[in-house]
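Below, all heavy atoms of this structure are taken into account, side chains as well, without hydrogens, waters or symmetry copies.
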Amino acid sequence: MITVLVDRVIGLMALFVLALAVMGLFHQQVLANPALRVFALFAGGGLVVMVLIVVLSSWPGSANKTPRLLAILERLPKYDVIKRLVDACRLYARRPAVLVKTMLLSLGVHIVVILSIVCIGRGMNVVTDNGFFDYFLYLPIINSIAAVPVSIAGLGVREGLYSMMFGQVGVAQSVAVAMSLFGYFAILFWSLVGSIFFLTHRKELPPARDIVDGTAAT
């Protein structure tokens with residue numbers, strides 16, 4: 001569970017990086033739109049906070065050197081979960097190459113997800129003002145906000161954002177919502193396929209610690 005949580009944190013960081021990079025490329029359009037300016041601050045601030053959390057949690061013995069801080073942490077709910085999360089961060093911090101590889105893989109996954117929505121839009125004959133570029137501007141923003149655990153799997157939040165964002169570039173509300181749902185169900189389908197593989201081959205997978213340490217059998 002802790003490994004999955006660390007993976008989600010890295011994935012969200014990669015999504016913020018992608019969103020900020022794309023918004024930098026389209027900075028004139030972003031500066032002209034108040035909503036996009038607010039999100040740029042949100043994404044930048046969120047990325048800084050997550051980086052600080054990862055750095056501080058990876059710092060060996062930082063809490064143990066401050067007894068009062070350690071006492072406060074031990075009184076927190078689910079302290080054992082927090083401690084395992086910190087231990088996992090320290091484990092990954094000792095292998096920066098693994099972190100870089102994981103970040104690059106996450107970026108690749110996010111780009112493939114965007115391209116899948118582009119294909120869905122093309123299949124639905126969706127036409128936006130700026131064509132292909134609108135997807136790469138709006139989808140990282142939509143996916144970043146939908147990744148925040150506000151609703152189950154981002155349902156409702158994501159559809160509202162599709163409607164609002166793509167509505168600015170000439171897409172009808174019903175079409176934008178349908179495009180969002182088709183994208184969600186496509187990801188859900190392939191996730192179910194992946195879950196079957198995981199359940200049938202999970203005994204063949206080495207522990208995460210062995211993968212990070214490079215001692216997993218090949």
Side-chain angles (χ1 to χ4, degrees), residues 4 7-47 50 102-198:
V4 173
D7 174 73
R8 292 294 180 269
V9 171
I10 294 174
L12 188 57
M13 289 174 64
L15 195 52
F16 280 154
V17 169
L18 180 60
L20 291 170
V22 174
M23 294 177 80
L25 292 174
F26 297 93
H27 62 277
Q28 292 181 342
Q29 190 171 345
V30 172
L31 292 175
N33 189 315
L36 294 181
R37 291 201 303 269
V38 170
F39 178 77
L41 295 174
F42 167 76
L47 182 61
M50 283 190 291
T102 306
M103 181 71 75
L104 292 175
L105 287 172
S106 295
L107 286 171
V109 169
H110 292 313
I111 291 173
V112 169
V113 169
I114 292 173
L115 291 175
S116 70
I117 301 299
V118 172
C119 293
I120 290 172
R122 294 288 180 88
M124 296 176 62
N125 295 319
V126 173
V127 178
T128 65
D129 293 347
N130 303 304
F132 184 80
F133 298 104
D134 285 324
Y135 291 89
F136 274 85
L137 175 59
Y138 293 127
L139 288 174
I141 298 173
I142 293 171
N143 293 339
S144 297
I145 298 176
V148 178
V150 175
S151 65
I152 299 176
L155 287 172
V157 176
R158 180 174 49 252
E159 284 66 45
L161 290 169
Y162 264 81
S163 176
M164 180 181 70
M165 295 286 189
F166 283 96
Q168 298 180 22
V169 287
V171 180
Q173 179 178 355
S174 58
V175 175
V177 171
M179 188 165 60
S180 171
L181 291 174
F182 278 129
Y184 171 74
F185 286 120
I187 294 174
L188 179 61
F189 171 78
W190 289 112
S191 297
L192 291 174
V193 173
S195 67
I196 294 173
F197 174 83
F198 175 75

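Distance CZ/Phe39 to OG/Ser144: 4.0 Å, rounded to 0.5 Å. Interatomic distance, Leu36 CG to Leu41 CG, rounded to the nearest 0.5 Å: 11.5 Å.
Ring orientation note: the planes of Phe166 and Tyr162 are close to parallel, at an angle under 30° on the 30°/60° scale.
Minimum heavy-atom separation, Leu47 to Met13: CD1-O, 3.9 Å.
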Can you give me every donor-acceptor pair (side chain of residues 103-123, partner residue at least two apart or in another chain, under 3.5 Å) with its distance?
{"unit_1": "Ser106", "atom_1": "OG", "unit_2": "Thr102", "atom_2": "O", "d": "3.0"}
{"unit_1": "His110", "atom_1": "NE2", "unit_2": "Gly11", "atom_2": "O", "d": "3.0"}
{"unit_1": "Ser116", "atom_1": "OG", "unit_2": "Val113", "atom_2": "O", "d": "2.5"}

Under 3.5 Å donor-acceptor pairs involving side-chain atoms of residues 171-192, not counting sequence neighbours:
{"unit_1": "Ser180", "atom_1": "OG", "unit_2": "Glu159", "atom_2": "OE2", "d": "2.6"}
{"unit_1": "Ser191", "atom_1": "OG", "unit_2": "Ile187", "atom_2": "O", "d": "2.8"}

Under 3.5 Å, which donor-acceptor pairs link side chains of residues 131-140 to any protein atom two or more places apart or in another chain?
{"unit_1": "Asp134", "atom_1": "OD1", "unit_2": "Asn130", "atom_2": "ND2", "d": "3.0"}
{"unit_1": "Asp134", "atom_1": "OD2", "unit_2": "Thr128", "atom_2": "OG1", "d": "2.9"}
{"unit_1": "Asp134", "atom_1": "OD2", "unit_2": "Asn130", "atom_2": "N", "d": "2.8"}

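When each of Asn143, Ile142, Ile141 is paired with Ile145, the side chain to side chain contact (heavy atoms under 4.5 Å, CB included) condition holds for Ile141 and for no other.
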